[in-house]
Chemist: 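Below is a structure I'd like to ask you about.
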2 protein chains.
Amino acid sequence: MRMSDGVEWAAHACALLAALPEGVGVSAALLAEFNDLPPAYMAKHMQALARAGVVTSARGAGGGYRLARPASEVTLWDIVEAVEGPEPAFRCTEIRQKGPCAAKPAECRHPCQIAAAFHAAEKAWRGSLKAVSLASILADLARKQSPARRAELLAWLETKL
Amino acid sequence: MRMSDGVEWAAHACALLAALPEGVGVSAALLAEFNDLPPAYMAKHMQALARAGVVTSARGAGGGYRLARPASEVTLWDIVEAVEGPEPAFRCTEIRQKGPCAAKPAECRHPCQIAAAFHAAEKAWRGSLKAVSLASILADLARKQSPARRAELLAWLETKL
DNA sequence: GTACCCCTACTCGGATAGCGAGTGTCCGAGTCGGAATGG
DNA sequence: CCATTCCGACTCGGACACTCGCTATCCGAGTAGGGGTAC
C-alpha cells in the first residue's frame, strides 16, 4: 500500500497558502517552484483541491489559488480525500460469497469480521488526520522554527508576488 | 491509496487455517478453491506469509500451510505486513530540503509537522489492526454465525483433506 | 515376513508476462490589467 | 485630460503519453508416502 506523492505535495502547498496573508493568491507554478516540483503535475493536484472545495482558484493576471476556508477548518484528511478520493484503502470483495461454500447474500447484510476490523482501523486513521488542521500545523511550526527562517521564507515569497 | 487485494485473501486464508484442528496442513490450491481465487496467485501470497513467519509450509504429500503460532498471537497487522511489506503508506520525500528556500539538513533531524501527523495516523491504524487477532475474529464469528453453517464448512473441508 | 530402495504424486518456490493506476506533460479556454486611441 | 477599446500576458482546466507496481501465470525444486523387490 502506498500513498500518492501528490498528497505530500498538496499538504505542503496548503500549509504555504495558510501561512500567507489573507486575500493573496499564489499560482500553481510558484507553489511548484517553492519545493522544486514539476509545475504541470503540481497544477493537476491543485485542481483536485479546487474541485473538492479546499482551495478556490482565480484565473487571469494576479490570480492563483488560495484557501477556501480558514486554516483551522482545513484538515489533513480534507487534503487526502481531495487528492486520493474518498474511497477506503481496504475494499471488501465479498469472497465469502464465492466458492463451493459460498455464503448466501441474505447472510451478508453485515460486513464480515475481517472487513469490519479493517474499516475500524481506517476510521482510526481518518480520525487522526481529521484532528490535524493547517492551523495546528502552523502553530507547531511556529514553536519549532526559528523566526529568522520564517522571515526568510516570507521575504522570498514577497519577491515573487 | 489502495490496499492490495492479496491482503483480504491472505486474511481469509489465515482465518480458515486458524479454524482448523492443530497439526493439519492445507495446500494453497485448496485455500484458493475455498474462496474461488486464482490458485497460483493465492500461492504467491501464502509464500509471502511463510517468509514473514506467519505460517509454516511443508512440502510433499500431506503437506501445505498451517499457522506458525497460536491464533491469538497472529494479528491482522502481521498479515498486512507480510503481504504488503513493512513500509508506511506515507513516505516523506523531504521536499522542504528542495527548492530556492531549501532547509539545511541540520534543521531536519526531526520530521516535519506534516510527516509527523501522517506517521501518527498510520500508527493509530496499525494499532487498531494489532488489536485484532485471528482468535478474536473467530470468537466474533462463532457468536454471529449459525452452528449449522460452521458444520457445513468443516464438512466440506473434511472431504478435501 | 521384513527391511530396504525406488518411484510417483504432490506441494512449495521463484522466475516470467500482462495490465491498470499513478506519474508527468502539453496545449487550449478564460480572465485580468494596462497600453493605445479617439473624443 | 478622460473614457473606451483592444491587445497581450497570465492563469487555470482538461486531454494526452509513459512508467512502475500490482495482478496473474507457469514450470522447476524438493519431499513424503507407498509399492515393489530382494533377502
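Just so it is clear: chains get the letters A, B, ... in the order the sequence lines come, proteins before strands, and each one is counted from 1.
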Chemist: Starting at atom CE of B:Met3, determine the distance to atom P of D:dG21, rounded to an integer number of angstrom.
Modeler: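 Value for this atom pair: 18 Å.
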Chemist: Has A:Tyr41 got a side-chain N or O lying under 4.0 Å from the OP1 or OP2 atom of C:dT25?
Modeler: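 Answer no for this pair, as no side-chain N or O of A:Tyr41 is under 4.0 Å from OP1 or OP2.
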Chemist: If I take atom CE in residue A:Met1 and atom C1' in nucleotide D:dC22, what distance separates them, rounded to the nearest angstrom?
Modeler: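 My rounded result for the distance is 14 Å.
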Chemist: For A:Leu30 and D:dC12, give me the distance from atom CG to atom C1', rounded to whole Å.
Modeler: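 The answer, rounded to whole Å, is 15 Å.
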Chemist: Quick one: on DNA chain D, does B:Ser4 or A:Ala43 contact a more 5' nucleotide (nearest heavy atom)?
Modeler: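 Closer to the 5' end of DNA chain D: A:Ala43.
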Chemist: Any idea which heavy atoms bring A:Arg150 and A:Ala19 closest together, and the distance?
Modeler: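 Minimum heavy-atom contact is NH2-O, 4.4 Å.
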Chemist: For the pair B:Gln113 and A:Lys144, evaluate side-chain contact (heavy atoms from CB on, under 4.5 Å) and give the outcome as yes or no after the intermediate values.
Modeler: CA-CA 10 Å; B:Gln113 277 70 27; A:Lys144 295 182 181 166; 3.8 Å; yes
Chemist: Check the phosphate of C:dG14 against B:Arg51, side-chain N and O only, distance under 4.0 Å to OP1 or OP2. Yes or no?
Modeler: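 Yes, because at least one side-chain N or O of B:Arg51 sits under 4.0 Å from OP1 or OP2 of C:dG14.
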Chemist: Quick one: on DNA chain C, does B:Ala61 or A:Ala61 contact a more 5' nucleotide (nearest heavy atom)?
Modeler: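 It is B:Ala61 whose nearest nucleotide is closer to the 5' end.
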Chemist: Once you measure the plane-to-plane angle for B:Phe118 and B:Phe90, does it fall in the parallel (<30°), tilted (30-60°) or perpendicular (>60°) bin?
Modeler: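 Because their plane-to-plane angle is under 30°, the rings of B:Phe118 and B:Phe90 count as parallel.
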Chemist: Calculate the interatomic distance between A:His45 atom NE2 and C:dG22 atom P; express it in whole Å.
Modeler: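 So the NE2-P distance, A:His45 to C:dG22, works out to 10 Å.
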Chemist: Quick check for you: among D:dA24, C:dT31, C:dC12, whose closest atom lies nearest to any side-chain atom of A:Arg59?
Modeler: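 For the A:Arg59 side chain, the nearest candidate turns out to be C:dT31.
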Chemist: Output the rounded distance in Å from CD (A:Gln47) to P (C:dA29).
Modeler: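 These atoms are roughly 16 Å apart.
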Chemist: Would you say B:Ser27 places a side-chain N or O within less than 4.0 Å of OP1 or OP2 belonging to C:dC12?
Modeler: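 Negative; the distance criterion is not met.
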Chemist: Hey, is B:Arg126 close enough to B:Glu81 for a salt bridge, meaning N to O under 4.0 Å?
Modeler: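 B:Glu81 and B:Arg126: not salt-bridged.
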Chemist: Any base atoms under 4.0 Å from A:Gly62, or only sugar-phosphate, or nothing? Heavy atoms, all strands.
Modeler: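 A:Gly62: no heavy atom of the nucleic acid under 4.0 Å.
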Chemist: Identify which nucleotide among C:dC12, D:dG13, C:dA15 has an atom closest to any side-chain atom of B:Tyr65, counting heavy atoms from C-beta outward.
Modeler: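 Nearest to the side chain of B:Tyr65 among the choices is C:dC12.
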Chemist: In terms of side-chain geometry, is the basic nitrogen of A:Glu8 or B:Arg91 positioned less than 4.0 Å from the acidic oxygen of its partner?
Modeler: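 Looking at B:Arg91 together with A:Glu8, the answer is no, because their closest N to O distance does not fall below 4.0 Å.
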Chemist: What nucleic acid atoms does A:Ala28 come within less than 4.0 Å of, heavy atoms only: base, sugar-phosphate, or nothing?
Modeler: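 Result for A:Ala28 = sugar-phosphate.
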Chemist: When all nucleic acid strands are considered with a 4.0 Å heavy-atom cut-off, which category describes A:Ala29: base, sugar-phosphate, or nothing?
Modeler: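 If one applies the 4.0 Å heavy-atom cut-off, A:Ala29 turns out to touch nothing in the nucleic acid.
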Chemist: Can you measure A:Asp5 atom CG to C:dG24 atom P for me and round it to whole angstrom units?
Modeler: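 In whole Å, C:dG24 P and A:Asp5 CG are 7 Å from each other.
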Chemist: To the nearest Å, give me how far apart CE (B:Met46) and C1' (C:dG13) are.
Modeler: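 Going from CE in B:Met46 over to C1' in C:dG13 covers 13 Å.
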Chemist: Which whole-number value in Å describes the distance from B:Met42 CE to C:dG13 P?
Modeler: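 The distance from CE of B:Met42 to P of C:dG13 comes to 13 Å, rounded to the nearest Å.
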